[in-house]
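Proteins come first, then strands; the chains are lettered A, B, ... in the order of their sequence lines, and each starts at number 1.
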Protein chains: 2
Amino acid sequence: MLKHKHNHDECIESALEAAQKICEERETRFTPLRRRVLELVWSKHQPITAYEVLDLLSEGQKRVAPPTVYRALDFLIEEGFVHRIESLNAFVGCSDPAHKHQGHFMICTKCSNVTEMNEKSLHDVIKKAAKENGYTYENSILEIAGVCENCRN
Amino acid sequence: MLKHKHNHDECIESALEAAQKICEERETRFTPLRRRVLELVWSKHQPITAYEVLDLLSEGQKRVAPPTVYRALDFLIEEGFVHRIESLNAFVGCSDPAHKHQGHFMICTKCSNVTEMNEKSLHDVIKKAAKENGYTYENSILEIAGVCENCRN
DNA sequence: TGATGGGTTGATATTTTATAACAATCAGGG
DNA sequence: CCCTGATTGTTATAAAATATCAACCCATCA
Ligand SMILES: [Zn+2]
Ligand SMILES: [Zn+2]
Ligand SMILES: [Zn+2]
Ligand SMILES: [Zn+2]
């Protein structure tokens, strides 16, 4: 269950438009394939595996091969339009692609919905912890498993 | 490079003894296989993959099959003697097996050494963030990538 | 024009990581 | 000893990701 009902088509559309715009700014190539893969990642509005993307991408045409999908995903991750959820081997669209970052997520163990946290304070605490332990911070993944509000009711 | 030089044999030995003791308390079975796998996980004192464990375990005897290793690792993770590092598909011995928890790690991108953080404050901040976002906290993984003190020099 | 070169995609094969399913063995209680 | 449940062995397969090389696209410029 999604946290809030919303027009998901619009939601996808705005993600695609944002990506397009950012790529123009950065002069990187938002090719039809990359656009289509980003659309498919958003289509589920939940974590989606590379092979699920592959299946969707292959519908109504010759089956594509894994590298096609992985390369597109690599690009989208590199640009910050998609995050990889390590604990699920799955991918999810970024809720704030304008600002490059690694994602901090909460994952509902009942419904599999994922919420991205864009909280600077949390980010700062993590950076600080790294520093205190003598590490020069590069990036981090945080994946919290729990039960979401909807699923508790 | 390890942060501090130490007698690694002793280090392994004490991890094994601690595990043995905990299993006696819990009345779970610390079989020779499970003991051996835990020993191998500790032997590297760095994240080790399941198949590396498999190779080591197979030395000087008939090659064991993957399920043998994965089942032992499952047990050790369940008991809290080993953590899985999601971003590396690898496993590492827990530095504080007496208190069950999921691990929070820093991973050096130069030397691959891993430091486990057993900081309650960090744990509390993460729990708090989950609560604020409407989630009932179950557990979490945190994996910070950075450069360790040794590797900066 | 058409050669050149970088970036992208296609295609084939393989590697790496993990699990399913069932048989054999072991350890403890009656 | 026999039964039972847990553990381990064995075979096969699934799932996730990558290596490699060929084909294609397209902008630049000789
Ligand atoms: Zn994001
Ligand atoms: Zn839920
Ligand atoms: Zn630990
Ligand atoms: Zn290092």
Through what angle, rounded to 10 degrees, does the axis of the helix from dT1(C)-dA30(D) to dG30(C)-dC1(D) turn between its ends, using five pairs per end?
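Axis angle across the helix from dT1(C)-dA30(D) to dG30(C)-dC1(D), nearest 10°: 10°.
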
Between [X] and [N], is there a contact of a side-chain N or O with OP1 or OP2 at under 4.0 Å?
| X | N | result |
| --- | --- | --- |
| T68(A) | dA11(C) | no |
| R34(A) | dT8(C) | yes |
| R29(B) | dC26(C) | no |
| R84(B) | dA18(C) | yes |
| K62(A) | dG10(C) | no |

[Y] versus [X], side-chain donor and acceptor atoms under 3.5 Å:
| X | Y | value |
| --- | --- | --- |
| E86(B) | S87(A) | no |
| T109(A) | E138(B) | yes |
| H104(B) | H123(B) | no |
| E119(B) | N133(A) | yes |
| S112(A) | Q46(A) | no |
| S95(A) | E116(A) | yes |

Which listed nucleotide ([options]) is nearest to the side chain of [X]?
| X | options | value |
| --- | --- | --- |
| T31(B) | dT8(D), dA18(C), dA16(D) | dT8(D) |
| Y70(A) | dA17(D), dT9(C), dT19(C) | dA17(D) |
| R71(B) | dA16(D), dC22(C), dT17(C) | dC22(C) |
| P67(A) | dA19(D), dG10(C), dA21(C) | dA19(D) |
| L33(A) | dG10(C), dA17(D), dT17(C) | dG10(C) |

